[in-house]
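Notes follow once the structure below has been shown.
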Amino acid sequence: MTPNQGGHTPLSPRATRAFEHLRPLVTDRDAGMPVADARRRVRSAGEDPEAVDELLNKGYLYEVEGDVYVT
């Protein structure tokens, strides 16, 4: 889905890589993943942990009580 079709705002390459890494990890968890864990997982994959903030800001992830979920 493109932004013109009501989808998400396009991501930077670093955030795209982070999302590709996080999406299956977060989706497989019933209770979401703590934001700090998401940043650690991204860092351990060799990516910039600040990409998690971009994912949150652009609506690819959302946060509830400190846990992130995939939209």
Seminar exercise, completed: Shortest non-hydrogen pair, A15 vs L55, comes out as O-CD2, 3.7 Å
Exercise. Residues in side-chain hydrogen bond (donor to acceptor under 3.5 Å, both in side chains) with T16, at least two apart?
Worked result: none
For this session: Look at the side chain of Y69 and the backbone N and O of A31, then say whether any donor-acceptor pair between them is shorter than 3.5 Å.
Result: yes
Only distances under 3.5 Å count here; give the side-chain donor-acceptor pairs of residues 61-68 to other protein atoms, sequence neighbours excluded, each with its distance to 0.1 Å.
none

Exercise. Do any pairs count as a ring pair (Phe, Tyr, Trp, His ring centres under 6.0 Å) and have a residue in residues 24-58, sequence neighbours left out, and if so which ones?
Worked result: none
For this session: Kindly state each residue pair satisfying salt bridge (Lys or Arg N to Asp or Glu O under 4.0 Å) with at least one member in residues 41-51, sequence neighbours excluded.
Result: R14-D48, R17-E47
Exercise. Partners of R40 by side-chain hydrogen bond (donor to acceptor under 3.5 Å, both in side chains), sequence neighbours excluded?
Worked result: D37
Exercise. What heavy-atom pair brings K58 and P10 nearest, and what distance separates the two atoms?
Worked result: NZ-O, 3.0 Å
Exercise. Can you list every pair that meets ring pair (Phe, Tyr, Trp, His ring centres under 6.0 Å) and has a residue in residues 12-41, with sequence neighbours left out?
Worked result: F19-Y60
